[in-house]
There are 2 protein chains.
Amino acid sequence: MNIQIRHIRAFIAVADERSFARAAERLNVSQPALSQTIIQFEGTLGFPVFERTTRSVTLTQSGERLLARARTLNQDIDAFQGEARALQLALKNRLRVGYMIGTAVQFIPAIIREFERIRPGASLDLQEFDFSDPTAGLRDGKVDCGIIRPPVDLDDIEIVAIAREKCVVCLPTGHRLALQETVELDDILDEPIVAAPVPGVWRDYWLANDYRVNRPAKVVFEAATVESELQAVASGRGISITADSTAQYYARPGVVFRQIVDMRECVIAIGYRGQPNRLVADFISVVNRVSQGSHIQVGA
Amino acid sequence: MNIQIRHIRAFIAVADERSFARAAERLNVSQPALSQTIIQFEGTLGFPVFERTTRSVTLTQSGERLLARARTLNQDIDAFQGEARALQLALKNRLRVGYMIGTAVQFIPAIIREFERIRPGASLDLQEFDFSDPTAGLRDGKVDCGIIRPPVDLDDIEIVAIAREKCVVCLPTGHRLALQETVELDDILDEPIVAAPVPGVWRDYWLANDYRVNRPAKVVFEAATVESELQAVASGRGISITADSTAQYYARPGVVFRQIVDMRECVIAIGYRGQPNRLVADFISVVNRVSQGSHIQVGA
DNA sequence: AACGATTAATTGGTGTCGCTTATGAATATA
DNA sequence: TATATTCATAAGCGACACCAATTAATCGTT
């Protein structure tokens, strides 16, 4: 039988109140239960800590000595529980947001500013995810909500669309199609193409598999990041399909972007699991406000 | 569900070992039990303290913060248990000896010296008791053994006689019997007499009730201490019966002592409850050695 | 002296819980 | 692909913490 915190608390309570009945009330237990607890405590110690008659309860000399230690112990327990509560609160006021690399980059600074204005007490943890996890951390529960481009392979998340944008093809400079201002799917479906590293609906989406009939994608390279994707394209290994905003934010020598006129616009959305808590709900409304009716056009 | 010490210990063990299986071994519990304990702990806290895969266990950020507090808490728990053990040991090495006021006074200094020589680690708590408790604390368990003058009203104690001595009558100077060198019971049974304050066999013994036939004791005063007893006698209220050694150690102006020739010798004994532990046994042997064959004679 | 009031201990019964063994699921390693 | 390692889950069991009711002891009051 080992010492437990309830023993310590019972010991202190009885020592303070000098009465089992009052101490029991303070501890919200019955008096017999407290009697048992103290008896058990003394059994563990090997000596009595109280001298009790039916009329009085006093500490023994040993009990007096132990009481000092018990009090510091109790204080540390309180400190521990206080810290635990504080951490719990901090976590409750923390919003972990994942975002796919290159997704909503045009909104993120404004989102952060606005969210911090609305919820000054909360802390916003932004985490970037690469193409190896198109769910931006939702898959593994690493985030409370994720800024993603549907579709993804999760069926137990809610998805709120916040913007749409054109799809573009990324070509190496000097590619024959680079001479055109825009391209059509038919122009590119037979080109060797760069894909995301993990199989699934998201990879299929950006391989334009929806539009392929008997023209399977010739995947020549798998890239986890925009950088390696663009590098693969620039080196001439193949083309890749991506979103317009990526084209604008990651433009660099060696590659050019051309709008795919007959491909449906892609969606930027927020995904989250289960019922959105207050923080998630607030975040969604912030994002909606910032991106209001956003419909991105291919830039110059 | 409240935090318990076992949660703290489990938390620290897993954090140290970075493995549930190893930590479980260290804690002498099965691995599933430890898993449950940690899960419960996290449930109480409201957030996880470990990130675990089947291949690794790492602290979360919150867990890291809590760990510091847990360690100081653990140290205090150890300190508490250490103190408890120390007190237990101290009590185990402490011998509480009660003695009736005026009993074995001639032996006590030698007993203390000899006992401390035999058991240098032990501590000897000598407590004096007055006539209100002729069991010298044995009655209430206040002592481990008592130096008493049987008989007493306890039937669950062992009694070891260590010495015998004559009984004497205490008379006010100027009393008619003070002229004699010795007295007989017949001389004093009708005298008014001073008695112990509590009824019982011990009081009866010193009232010489064993020797009375149709000559009931005329108790005129009840005294709890030798001082008040002698004062009562000196003031002429009555006589009292006591032991020879008392006569020698408490002799004072106003009273004289005369041996009662036809009263059986009284006994000095050690009483103790149940099986004597090592300390009690040693104490008894010390007392026996010191008082060896002691048979006190009335002094000059 | 007797009674009521107060208080701690005891008793009996019940639901919870912490533990063990056995098994499952996931992931490195050969 | 098979094996080993590791944490989680399941089922069963014994212990125990609790409460309600009662008992025992003691004090104060009439």
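By convention in this document, chain letters (A, B, ...) are assigned in the order of the sequence lines, proteins followed by strands, and residues within each chain are numbered from 1. Just so we're clear, the structure is a prediction, and the values are computed from it rather than from any experiment.
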In whole angstroms, how far is the [atom2] atom of [N] from the [atom1] atom of [X]?
X	N	atom1	atom2	value
A:Leu34	D:dC18	CG	P	9 Å
A:Ile38	D:dC18	CD1	C1'	15 Å
B:Phe41	C:dC17	CZ	C1'	18 Å
B:Ile39	C:dG18	CD1	P	13 Å
A:Glu25	C:dA8	CD	P	12 Å
B:Arg9	C:dG18	CZ	P	17 Å
B:Gln36	D:dA11	CD	P	13 Å
A:Glu42	C:dA8	CD	P	13 Å

Any [X] side-chain nitrogen or oxygen under 4.0 Å from OP1 or OP2 of [N]:
X	N	answer
A:Thr37	D:dC18	yes
A:Gln40	D:dC16	no
B:Gln31	D:dT6	no
A:Ser30	D:dA20	no

Exercise. For B:Ala33, report the nucleic acid contact type (base, sugar-phosphate, nothing); a contact means any heavy atom under 4.0 Å.
Key: base
Quiz item: Considering only side-chain heavy atoms of A:Gln4, which listed nucleotide, C:dA9, D:dA8, D:dA17, is closest?
Solution: D:dA17
Quiz prompt | Shortest side-chain distance from B:Ser35, nucleotide among D:dA17, C:dG18, D:dT9 | solution = D:dT9
Name each donor-acceptor pair under 3.5 Å that joins a side chain in residues 146-153 of chain B to protein atoms two or more places apart or in another chain, with its distance.
from: B:Arg149; atom 1: NE; to: B:Thr103; atom 2: OG1; distance (Å): 3.4
from: B:Arg149; atom 1: NH1; to: B:Glu165; atom 2: OE2; distance (Å): 2.7
from: B:Arg149; atom 1: NH2; to: B:Gly102; atom 2: O; distance (Å): 3.2
from: B:Arg149; atom 1: NH2; to: B:Glu165; atom 2: OE2; distance (Å): 3.0
from: B:Arg149; atom 1: NH2; to: B:Ser245; atom 2: OG; distance (Å): 3.3
from: B:Asp153; atom 1: OD2; to: B:Val201; atom 2: N; distance (Å): 3.3

Quiz item: Pairs in or reaching into residues 63-101 of chain B: which pass ring pair (Phe, Tyr, Trp, His ring centres under 6.0 Å), with residues at least two apart or in two chains?
Solution: none
Quiz item: Do B:Val143 and B:Asp125 have side-chain heavy atoms sitting under 4.5 Å apart?
Solution: no
Quiz item: Going by an N to O cut-off under 4.0 Å, is there a salt bridge joining A:Lys142 and A:Asp133?
Solution: no
Quiz prompt | Those residues that, when tested against A:Arg203, pass salt bridge (charged side-chain N to carboxylate O under 4.0 Å, His left out) (two or more places apart) | solution = A:Glu222
Quiz item: Taking DNA chain C as the partner, which of residues 45-57 of chain A come within under 4.0 angstrom of it by heavy atom?
Solution: A:Arg52, A:Thr53, A:Thr54, A:Arg55, A:Val57
Quiz item: Taking only residues at least two apart or on different chains, which pairs with a member in residues 79-92 of chain A satisfy salt bridge (Lys or Arg N to Asp or Glu O under 4.0 Å)?
Solution: A:Glu83-B:Arg65, A:Glu83-B:Arg69
Self-check item: Of all pairs that satisfy side chain to side chain donor-acceptor pair (under 3.5 Å), the ones with a partner from residues 54-63 of chain A, not counting sequence neighbours
Solution: A:Thr53-A:Ser56
Exercise. For A:Arg22 and for A:Pro32, find the nucleotide of DNA chain C with the closest heavy atom, then tell me which residue's nucleotide is more 5'.
Key: A:Arg22
